[in-house]
**Q** 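Structure in structure tokens, see below.
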Amino acid sequence: MKSRIFITLSLALMIVLYIVSLGGGVSSQFSTKDKKATEDQLTIGVSPAMRGTLPFSALFGSRTIPGVEIRIDGEVKGITDENGELLAKWIVAGKHNWSAIYEGKEVSQGEFEISAVTDAKIVDRAVRLRGEELRESGKLYALKDDWTFVHTVKNTGTTVIDHYTIELIASSGKGSSMKIELISPPIPGWIWKPFAGDLKSGRRRIEVKFKGDGVEIIDGCSAHPMKNVTLESTISKEGLWPGESITVAFEEPYVNCLDEIYKCMELKLNTEIRQKVVDVDKGIMNMIIKEYKVLFYTFHDIKAQLTLKGFNKKEIASLYLYIDDTMYDTAPWFDYEWL
């Protein structure tokens, strides 16, 4: 009888142990045996880097493993998600070491290299005018308004950026709100029209340079430093690191913007341009072009009158982003009408 009871208890104990071995009654994700195997056999997949972005995946056999901490050069970049994946972003160019930590233990490590890519994007832009921040369109008094030009640039490459150039281009067509009248001397229309077209196509280059933890803005044509410049974000002394953004604003009378556009025209036409405000309220100014050459003709002291007053037509302006004369991005900027 005693031997039968002993055999029965032994069978019951064996059944319980078998159920436990299958995971019954274990609340954690892995059994004790699985945990040990995970520490020994958990694999980290590292896909090829793309523009400073490195995909990681954590697997145990065919199962994905969440909660694996990924470190790059000793810095925690994140933890694998429920799909066992992590996308480590904005890694600077060069050679790097990585390691994977699971449940407090290092389970894998390796190294990789990121190629150097220079890239940047215009991610925001606005005009502050008469106490209002405008992003799409607005109206302004050309000869008496002050304006603030605001833009945000993001480093989307793998190298540190310490300078860039923003070019403002305002292209005016037949429906322009700028009226141009030739005062003197008399010039044939076929010669005058291309010149008038130059006057209606404004272009301004603004050079942004990082100095220490600040910023300096210089007009690209006149080389005049901008005043009233505000850095609306923090930046390191080395410059703008991958993934970081910088927001810069500068305030000036709008007529200063027109002056700088004419400076660019001087360079384009290889001449000297003088301007004089005639009527502030009506937006009228005179321009005198010292010399204008076209084909075999040369004209001196051309005097024209510009009326910068709305005719229910909006000018269309765009921004272009350059680094070392290479264009990286364009963005529609602002549609405006002169009042």
Side-chain angles (χ1 to χ4, degrees), residues 127 129 137-147 149 165-206 218-224 252-320 332-339:
V127 171
L129 188 64
S137 62
K139 298 181 178 182
L140 58 89
Y141 293 93
L143 302 182
K144 61 181 181 180
D145 266 338
D146 288 350
W147 75 330
F149 171 49
T165 298
I166 290 287
E167 188 171 55
L168 166 63
I169 297 179
S171 179
S172 302
K174 293 181 179 179
S176 171
S177 61
M178 179 194 292
K179 182 181 178 183
I180 303 174
E181 296 178 293
L182 178 63
I183 298 176
S184 65
I187 300 177
W190 65 273
I191 295 178
W192 165 251
K193 286 183 179 179
F195 175 73
D198 288 336
L199 289 177
K200 287 185 177 182
S201 298
R203 182 182 296 261
R204 185 183 189 187
R205 292 178 68 88
I206 300 168
I218 300 173
D219 187 272
C221 292
S222 68
H224 292 158
E252 66 179 358
Y254 182 76
V255 70
N256 284 10
C257 179
L258 296 175
D259 290 343
E260 297 296 349
I261 288 175
Y262 298 144
K263 291 292 183 184
C264 289
M265 284 184 55
E266 284 185 335
L267 295 176
K268 179 180 178 181
L269 301 175
N270 192 26
T271 187
E272 178 184 335
I273 299 176
R274 302 192 307 274
Q275 58 265 15
K276 179 182 178 182
V277 174
V278 176
D279 191 317
V280 172
D281 293 326
K282 293 182 179 180
I284 300 175
M285 64 187 304
N286 285 343
M287 291 183 60
I288 298 176
I289 297 87
K290 184 176 181 180
E291 185 175 274
Y292 177 61
K293 295 180 180 180
V294 57
L295 298 177
F296 303 106
Y297 300 93
T298 301
F299 298 91
H300 298 277
D301 297 324
I302 299 176
K303 187 175 182 180
Q305 179 174 282
L306 279 65
T307 304
L308 309 173
K309 195 168 178 66
F311 297 94
N312 297 319
K313 300 292 183 180
K314 289 185 177 180
E315 308 294 342
I316 300 173
S318 300
L319 296 182
Y320 292 72
W333 177 54
F334 193 65
D335 296 349
Y336 60 92
E337 181 184 350
W338 283 314
L339 298 173

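Note that these values count all heavy atoms, side chains included, but never hydrogens, waters or copies made by symmetry.
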**Q** At their closest point, which heavy atom of Ala142 faces which heavy atom of Tyr254, and how far apart are they?
**A**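 Closest approach of Ala142 to Tyr254: O-CD2, 3.3 Å.
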**Q** Any side-chain heavy-atom pair from Leu140 and Val127 closer than 4.5 angstrom?
**A** no
**Q** Between Lys179 and Lys309, is there a side-chain heavy-atom distance shorter than 4.5 Å?
**A** no
**Q** Assess, by modelled atom type and distance only, whether the side chains of Ser177 and Glu315 contain a donor and an acceptor separated by less than 3.5 Å.
**A** yes
**Q** Under the side-chain hydrogen bond (donor to acceptor under 3.5 Å, both in side chains) test, which residues partner Glu266, sequence neighbours left out?
**A** none
**Q** Can you give me the closest heavy-atom contact between Lys263 and Ser222, atom names plus distance?
**A**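 In this case the closest contact between Lys263 and Ser222 is CG-CB, 4.1 Å.
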**Q** Any non-hydrogen side-chain atom of Phe149 less than 4.5 Å from a side-chain atom of Leu319?
**A**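 Side-chain contact under 4.5 Å: yes.
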**Q** Any heavy-atom pair between the side chains of Phe334 and Leu168 that's under 4.5 Å?
**A** no
**Q** What residues form a disulfide bond (SG atoms under 2.5 Å apart) with Cys257, not counting sequence neighbours?
**A**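 In terms of disulfide bond (SG atoms under 2.5 Å apart), with neighbours along the sequence ignored, Cys257 is linked to no residue.
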**Q** What's the spacing between Lys303 NZ and Ile288 CD1 if we round to 0.5 Å?
**A**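 Going from NZ on Lys303 over to CD1 on Ile288, the span is 5.5 Å.
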**Q** Can you check whether Ile191 reaches Tyr292 side chain to side chain, under 4.5 Å on heavy atoms?
**A**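 Touching, per the 4.5 Å side-chain cut-off.
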**Q** Supply the atom-to-atom distance Ile218 CD1 to Ile206 CD1, rounded to the nearest 0.5 angstrom.
**A** 12.0 Å
**Q** Once rounded to the nearest 0.5 Å, what's the spacing between atom CZ of Arg274 and atom NZ of Lys276?
**A**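 Separation between the atoms: 11.0 Å.
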**Q** Thr307 versus Trp338: any side-chain heavy-atom pair under 4.5 Å?
**A**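 Thr307 does not reach Trp338 side chain to side chain.
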**Q** Could you report the tightest heavy-atom contact between Ile180 and Ala304, atom names first, then the distance?
**A** CG2-CB, 4.4 Å
**Q** Are any of the side-chain heavy atoms of Ile187 and Tyr297 separated by less than 4.5 Å?
**A**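 No, their side chains stay 4.5 Å or more apart.
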**Q** Do Glu291 and Thr271 have side-chain N/O donor and acceptor atoms under 3.5 Å apart?
**A** no
**Q** Going through the checks in order, is the salt bridge (charged side-chain N to carboxylate O under 4.0 Å, His left out) test met by Lys314 and Glu337?
**A** CA-CA 5 Å; Lys314 289 185 177 180; Glu337 181 184 350; over 6 Å; no
**Q** Indicate the atoms forming the closest heavy-atom contact of Val277 with Leu143, along with that distance.
**A**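 That closest heavy-atom pairing would be CG1-CD1, 3.9 Å.
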**Q** How close do Asp219 and Arg204 get, heavy atom to heavy atom, and via which atoms?
**A** OD2-NE, 3.0 Å
**Q** How many angstroms lie between atom CD of Gln275 and atom CG of Leu258, to the nearest 0.5 angstrom?
**A**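 One gets 8.5 Å once the value is rounded to the nearest 0.5 Å.
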**Q** Met287 and side chain to side chain contact (heavy atoms under 4.5 Å, CB included): which partner among Ile273, Ile302, Ile183?
**A**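 When side chain to side chain contact (heavy atoms under 4.5 Å, CB included) is applied between Met287 and each of Ile273, Ile302, Ile183, only Ile273 qualifies.
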